[in-house]
Amino acid sequence: FREEKEKDEL
Amino acid sequence: VLLLKIHATKNCSGVSLKTQELYAIVFVTRYLDLLFSFISLYNTIMKLIFIGSSACIIWYIRFHRVVSQTYDREQDTFRVIFLILPCLLLGIFINHEFTITEILWTFSIYLEAVAILPQLVLLQRTKNVDTLTGNYVFLLGGYRALYLLNWIYRFLTEPGYRQWIVWISGTIQTAIYCDFFYYYFQSWRRNEKLSLPS
């Protein structure tokens, strides 16, 4: 599965 | 909350050093991206606060002349290697990209889900849980539970937003707190000191 790359959560 | 409590009361009884060290590992392995990506000022500051506050708490419990005397060394005996190793293996095998930083990030997600366990076991062994320590665990669990709402909101409002590893781990993490929440609210309602049944 693909998912969003930007890790903007802590 | 925990740092203020320890600093103000000079007492850390009922606080699990193991959990704090697990959190330090979680934060350091997850926030490696401090070095190479910038999200927002808020994001950066919170990452530094998380790393700094857990490092500070560990320092107090391990090295502060007065505080270290109050540490429940004999009770805080959870074998953390049984958490770290499985999470590391899981991170190596179930990830999105086989790179060091991605594996460490994924490992930190898995480890965070179970990092509270030594603290919960210690609370169970503690007869009368200090109010501030109980509040700390409640706030920590509540903070993560709010992420569930955040994820639902983002899923509904941001096209293509999904992150299964984080969602599943976060749900497990919140589920681990359910039992604690139950007894926390019960003691609150009855105006009694928190104590978990053994």
Side-chain angles (χ1 to χ4, degrees), chain A, chain B residues 23 26-51 53-54 94-97 99 101-102 104-106 108-109 112 140 143-144 146-155 157-170 173:
Chain A
F1 36 78
R2 264 176 53 78
E3 59 184 64
E4 200 177 339
K5 284 268 58 122
E6 194 183 20
K7 293 172 168 48
D8 57 354
E9 289 174 3
L10 296 160
Chain B
Y23 269 113
V26 165
F27 296 143
V28 169
T29 50
R30 185 170 316 161
Y31 301 153
L32 286 173
D33 66 352
L34 274 171
L35 304 171
F36 50 81
S37 84
F38 178 80
I39 310 281
S40 67
L41 188 60
Y42 168 80
N43 190 281
T44 300
I45 290 173
M46 288 311 289
K47 283 172 176 170
L48 293 173
I49 287 177
F50 284 151
I51 294 173
S53 59
S54 53
I94 305 177
N95 56 52
H96 286 287
E97 201 181 349
T99 60
T101 48
E102 187 67 17
L104 286 178
W105 181 86
T106 315
S108 83
I109 296 288
E112 190 196 340
L140 196 61
Y143 165 70
R144 274 297 144 177
L146 289 174
Y147 262 94
L148 301 180
L149 300 179
N150 171 278
W151 294 331
I152 293 168
Y153 176 79
R154 289 188 69 172
F155 179 74
T157 55
E158 291 177 28
Y161 170 79
R162 57 201 191 290
Q163 37 175 359
W164 286 103
I165 289 176
V166 171
W167 287 350
I168 293 169
S169 308
Q173 183 174 3

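In what follows, chains carry the letters A, B, and so on, assigned in the order in which the sequence lines appear, proteins first and then strands, with residues in each chain numbered from 1.
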- Distance, nearest 0.5 Å, that separates CD of B/Gln163 from CD of A/Glu9: 4.5 Å
- Item | B/Ile109 side chain near A/Lys7 side chain, heavy-atom distance below 4.5 Å | no
- Note on the structure: Those residues at least two apart in sequence (or on a different chain) that pass ring-ring contact (aromatic ring centres under 6.0 Å, His included) with B/Phe50 are B/Phe27
- Message: B/Glu112: which residues meet the side-chain hydrogen bond (donor to acceptor under 3.5 Å, both in side chains) condition with it, sequence neighbours left out?
- Response: B/Arg30, B/Arg144, B/Gln173
- Message: My understanding is that only residues two or more places apart in sequence, or in another chain, count here; which of them pass ring-ring contact (aromatic ring centres under 6.0 Å, His included) with B/Tyr143?
- Response: B/Tyr147
- Under 4.5 Å, heavy atom to heavy atom: which of residues 39-49 of chain B reach chain A? Give them by number, or say none. B/Ile39, B/Tyr42, B/Asn43, B/Met46, B/Lys47
